[in-house]
Amino acid sequence: MMQVKRGRGFLSTPGPTNVPDRVLNAMHRPAVDLNDPDFLELVNSCFDDLKKVFQTKNGEIFVYITNGHGAWEAALANVLSAGDKLLVPETGNFSGGWRDVATAFGASVQEIPNDWRRAMDPAKVAEALAADKAQEIKAVLLVHTDTAVGITADVQAVRKAIDSVGHPALLMVDTIASLGTVDFRMDEWGVDVAVSASQKGLMVPPGLGVVAAGPRAVEAHRTATAPRRYWDWGARLQSEGYRKFCGTAPEHHMFAMREALDMIFEEGLENIFRRHQMLADAVRDCVSVWTEAGALSFNAINPAERSNGVTTILTAEGVDAVLLRETARDVFQTALGGGLGKLQGKAFRIGHMGDLNEPMILGTLSAVETTLAYLDIPYQRGGIDAAIRSLAEARKKAAAVAAPVAGPISRVA
């Protein structure tokens, strides 16, 4: 029987995320001449403002018509030569994906194993680099937030680990799921390359990969011999505007990027980080109640390591995570993420990043709880109440900080 759907569904995956109406509307305009001065000014302003989002003054920005996987490849193609050695701490499914791209480029990869339920240990990075007496390891590839496992790594601690043993390895960081979601300070934390994509915290439709390259990475590019043409930083750094995209610019995506960046700076990065913290705390408080019945559990064991962009929830033996996700989508119009890699069929994921507010996250959590009840999956009642209390308390605290001498919050007509 075909279900008739009304209203608006919830997109609660960890990518793609909700695209704001303002961003969609910005794309609804005619194409323009590639050399139109207004368009070239728009592009340059986007590149300048992306530096602010990465928090870099020294980095160069490169934008590609691709997704995050392409951004991985673009970063590696510009700093690698065949046979180069790389160190890859295992953070979950996506560290393995970046590792596989490096292997395809002929790199020799040393992996630091991890169990997917805890953040990687920076001390193990220091240990591996200290053992590299000839200092042959060219770079450390680190995923900041691995959306498969719902865990965020400590980038600053990894940089300190590299420096503590005096190793010259580049630090290359995947910020695909963290940029515009949690704090990321490229220059301050000593990151040499950061890769990202448009479809998560940046709130732009899928289709753009972004790479920020610091001075050490740009210097490494000059001697790297990996095959590249479209990805090549050298060609893209030339003065002609069209070279920024190695040909035709993705005009409508850049119109979208400009509007999204405007929205980011209107809200302010610090406020964005606080909003994501607030929404993530509400999700975690809700899930904590659900798990008391024993059928669900957090994948991330350590609460301090749980991501502010996505929560990965394991299902007990006998609970069909795929059916849960499909039912939430097809019956209750709420799209969730599925388990990836080792967690395929054993987990589902609630995305809470990008253009998102309290009613939207409460709607998602209510749809998930309704799905649990519909499928007779055991869960402890009261999760939604816990989320409501979490959000209310967070807003009260924010109001107190903003107006410490104010009286009770007044009602607005």
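Both backbone and side-chain heavy atoms feed into the values below; hydrogens, waters and symmetry mates do not. These numbers come from a predicted model, not from an experiment.
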Q) For the atom pair CD1 (I151) and OG1 (T91), what is the distance rounded to the nearest 0.5 Å? A) 8.5 Å

Q. Without hydrogens or angle criteria, can the side chains of T312 and N299 be said to hold a donor-acceptor pair below 3.5 Å?
A. no

Q) Taking all atoms of both residues into account, what is the closest heavy-atom pair of L279 and L356, and its distance? A) CD1-O, 3.6 Å

Q: Please indicate whether E326 has more than 12 foreign heavy atoms, meaning atoms of other residues, nucleotides or ligands, lying under 6.0 Å from its CD.
A: yes

Q) Does the side chain of P168 come within less than 4.5 Å of Q135's, by heavy atoms? A) yes

Q | Under the ring pair (Phe, Tyr, Trp, His ring centres under 6.0 Å) test, residues paired with Y374 that sit two or more places apart | A | F332

Q.
Walk me through whether R216 and E219 qualify under salt bridge (charged side-chain N to carboxylate O under 4.0 Å, His left out).
A. CA-CA 5 Å; R216 294 178 69 227; E219 185 60 32; over 6 Å; no

Q: Check whether any side-chain N or O of H221 sits under 3.5 Å from a backbone N or O of G234 as a donor-acceptor pair, and report yes or no.
A: yes

(Q) To check you understand the geometry: which heavy-atom pair defines the closest contact between M27 and A256, and what is its length? (A) CG-CB, 3.5 Å

Q | Check: I313 and V368 side chains under 4.5 Å, non-hydrogen atoms | A | no

Q) How close do L86 and A107 get, heavy atom to heavy atom, and via which atoms? A) CD1-CB, 3.8 Å

Q: Might you work through the salt bridge (charged side-chain N to carboxylate O under 4.0 Å, His left out) test for D281 and R306, ending with a clear yes or no?
A: CA-CA 10 Å; D281 284 343; R306 291 172 186 163; over 6 Å; no

(Q) Taking atom NZ as the centre, does K397 end up with more than 12 heavy-atom neighbours from other residues, nucleotides or ligands that are less than 6.0 angstrom away? (A) no

Q. To the nearest 0.5 Å, how far apart are CZ in F62 and CZ in F245?
A. 12.0 Å

(Q) I'd like to know whether NZ of K85 has more than 12 heavy-atom contacts from other residues, nucleotides or ligands below 6.0 angstrom. (A) no

Q: Answer yes or no for R117 and F298: cation-pi contact, defined as NZ/CZ to six-membered ring centre under 6.0 Å and angle to ring axis within 45°.
A: no

**Q.** Heavy-atom closest contact (R22 atom, M263 atom, distance)
**A.** CZ-CG, 3.5 Å

Q. Is there a side-chain contact between V182 and F184 (heavy atoms, below 4.5 Å)?
A. no

Q) Quick one: does V210's side chain get under 4.5 Å of S198's, heavy atoms only? A) no

Q. Just checking, is any N or O donor in the side chain of R284 or N308 under 3.5 Å from an acceptor N or O on the other one?
A. yes

Q) Side-chain donor-acceptor pair under 3.5 Å between R274 and N271, yes or no? A) yes

Q. So do D49 and M257 actually touch side chain to side chain, heavy atoms under 4.5 Å?
A. no

(Q) Do R258 and D262 have side chains that approach each other closer than 4.5 Å (heavy atoms only, starting at C-beta)? (A) yes

Q) Is there a donor in the side chain of T145 and an acceptor in the side chain of T152, or the other way round, less than 3.5 Å apart? A) yes

Q | H69 and V101, any side-chain heavy atoms less than 4.5 Å apart | A | no

Q.
Students often mix this up, so state it plainly: with edges at 30° and 60°, are the rings of W72 and W98 parallel, tilted or perpendicular?
A. parallel

(Q) Does any part of the side chain of M254, heavy atoms only, come nearer than 4.5 Å to the side chain of F39, both counted from C-beta? (A) yes

Q. Looking only at side chains, do N25 and E259 share a donor and an acceptor under 3.5 Å apart?
A. no

Q | F273 ring center within less than 6.0 Å of H276 ring center | A | no

